[in-house]
A.B. asks: 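Take a look at the following structure, please.
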Amino acid sequence: MANSVNTNLGALVALQNLNATNAELSATQSRINTGKKVGSAKDNGAIWAIAQGQRSDIGALGAVRASLDRGVSAVDVSLAAGESISDLLVQMKEKALAATDKSLSTSSRNALNEDFKALRDQITSATNAADFNGINLLKTGALGFQALANAAGTTTLTVGAEVLALGSTNVTVTATTTIGTATLATTALGLVNASLDKVSAALARLGTKSKALDTHRIFVGKLTDAMESGVGNLVDADLAKESAKLQSLQTKQQLGVQALGIANQSPQILLSLFQ
């Protein structure tokens, strides 16, 4: 190879090698800084696209989880109110049974009747208060709701209304039911007993729905965790490996700088030929 001051092939080769090392070093530093081996489509288009699709599904599952959370809370509020109504009916049964005693004095019967009516009216208060985020499953006209069940929004979990208002199918005690006489007390006792059975059945159905929502919510949480782990496997960098590689590339960079310096000194040798 001819010696030339115009072309220093050794320096060109050394520079190319140094540039390649610098590019690798920059990529490694980026992985360490971001914690990702695929941070953009430029790094690996196919893997990035797959990861983005999974991130989209993970975001959608977050909306599903929120919907299920609201559903569970709405049913739990209804259950709490329903249990209170059941307790009220138990107390009303006691009053109604006591009022069937024909030997009661007028004052005692009136006192029982007032207690009965007060308990009866509390049922209305309980059903009207059983509201969460605009959802009330117990009041007259309740329609139930549907909670999202999958990321595509194509399936739902349906929770039907369980109306526990006075005069409803489940609570046959009406807003005018009293125990002012032994005959009325006997009638009221029958209504209360029927209501207790139906309310218990309604609460059992709500409990089953609450359990189903909670079980699916747990499943969605596990699915989200698994998908996030999958995305991590695709795009996350092995920091231990990258750290070791960083040390190696820094050493290689230093050697490349020295090699380039040596190559740049080669033309100086030609000067000795003219001394």
Side-chain angles (χ1 to χ4, degrees), residues 63-99 111-149 155-180 184-221:
V64 172
R65 178 68 179 268
S67 178
L68 291 169
D69 286 341
R70 291 192 296 270
V72 169
S73 297
V75 175
D76 287 348
V77 168
S78 297
L79 283 171
E83 290 169 1
S84 295
I85 292 170
S86 182
D87 291 339
L88 290 170
L89 288 170
V90 169
Q91 297 177 60
M92 290 168 66
K93 178 178 180 177
E94 180 184 352
K95 305 298 181 183
L97 180 59
L112 286 171
N113 191 36
E114 290 303 316
D115 288 346
F116 182 89
K117 289 190 292 183
L119 293 169
R120 177 199 67 194
D121 293 342
Q122 286 182 51
I123 292 177
T124 299
S125 298
T127 55
N128 290 335
D131 187 278
F132 180 84
N133 195 39
I135 299 173
N136 189 318
L137 301 175
L138 307 183
K139 68 181 181 181
T140 302
L143 299 175
F145 67 91
Q146 293 181 325
L148 294 173
T155 60
T156 58
L157 293 177
T158 301
V159 177
E162 295 291 350
V163 179
L164 301 184
L166 293 173
S168 64
T169 302
N170 291 320
V171 179
T172 54
V173 176
T174 69
T176 59
T177 300
T178 63
I179 56 173
L184 289 174
T186 300
T187 301
L189 181 61
L191 294 175
V192 171
N193 282 330
S195 298
L196 274 169
D197 291 340
K198 291 180 178 180
V199 167
S200 295
L203 292 179
R205 289 190 292 270
L206 284 176
T208 299
K209 289 296 184 180
S210 178
K211 182 66 175 177
L213 288 170
D214 198 44
T215 298
H216 196 67
R217 179 176 61 172
I218 293 172
F219 164 72
V220 169

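The shown structure was predicted, so the numbers you read here are calculated from the model rather than taken from an experiment.
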A.B. asks: If only atom types and distance count, is the side chain of Asn136 paired as donor or acceptor with the main-chain N or O of Ala130 below 3.5 Å?
C.D. replies: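 Flag set: sc Asn136 to bb Ala130 pair under 3.5 Å.
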
A.B. asks: CG/Asp115 to CE/Met92 distance, rounded to the nearest 0.5 angstrom?
C.D. replies: 11.5 Å

A.B. asks: Judged by atom type as modelled, is there a donor-acceptor pair below 3.5 Å linking the side chain of Thr172 to the main-chain atoms of Leu191?
C.D. replies: yes

A.B. asks: So, taking the atom named OG1 in Thr187 and the one named CG in Leu189, what distance separates them when rounded to the nearest 0.5 Å?
C.D. replies: 9.5 Å

A.B. asks: Answer yes or no: is there a side-chain heavy-atom contact under 4.5 Å between Leu79 and Ser210?
C.D. replies: yes

A.B. asks: Side chains of Lys139 and Asn128: closer than 4.5 Å at any heavy-atom pair?
C.D. replies: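 Yes - at least one pair of side-chain heavy atoms lies under 4.5 Å apart.
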
A.B. asks: With heavy-atom distances below 4.5 Å as the criterion, would you say the side chains of Ile123 and Val173 are in contact?
C.D. replies: no

A.B. asks: Are Leu157 and His216 packed together at the side-chain level, in the sense that at least one heavy-atom pair is separated by less than 4.5 angstrom?
C.D. replies: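 Side chain of Leu157 against side chain of His216, heavy atoms only: contact under 4.5 Å found.
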
A.B. asks: Do Thr174 side-chain atoms and Thr176 backbone N/O form a donor-acceptor pair below 3.5 Å?
C.D. replies: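 Side chain of Thr174 to backbone of Thr176: a pair is present.
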
A.B. asks: Indicate yes or no: at least one non-hydrogen side-chain atom of Arg217 is less than 4.5 angstrom from one of Val220.
C.D. replies: no

A.B. asks: Determine whether Phe132 and Asp76 make a side-chain contact, defined as any pair of heavy atoms from C-beta on separated by less than 4.5 Å.
C.D. replies: no

A.B. asks: Just wondering, do Leu213 and Leu68 contact through their side chains at under 4.5 Å, heavy atoms?
C.D. replies: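 The answer is yes, as the side chains (C-beta and beyond) meet within the 4.5 Å cut-off.
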
A.B. asks: Can we say Lys211 and Asp214 salt-bridge, meaning some charged N sits less than 4.0 Å from an Asp/Glu carboxylate O?
C.D. replies: no

A.B. asks: Does any non-hydrogen side-chain atom of Thr178 lie less than 4.5 Å from one of Arg120?
C.D. replies: yes

A.B. asks: Passes salt bridge (charged side-chain N to carboxylate O under 4.0 Å, His left out), Arg65 versus Asp69? Steps please.
C.D. replies: CA-CA 6 Å; Arg65 178 68 179 268; Asp69 286 341; 3.6 Å; yes

A.B. asks: Can Ser73 and Asn133 be counted as having a side-chain donor-acceptor contact under 3.5 angstrom?
C.D. replies: no

A.B. asks: Which of these, Leu164, Val163, Thr127, sits in a side-chain contact (heavy atoms from CB on, under 4.5 Å) with Val171?
C.D. replies: Leu164

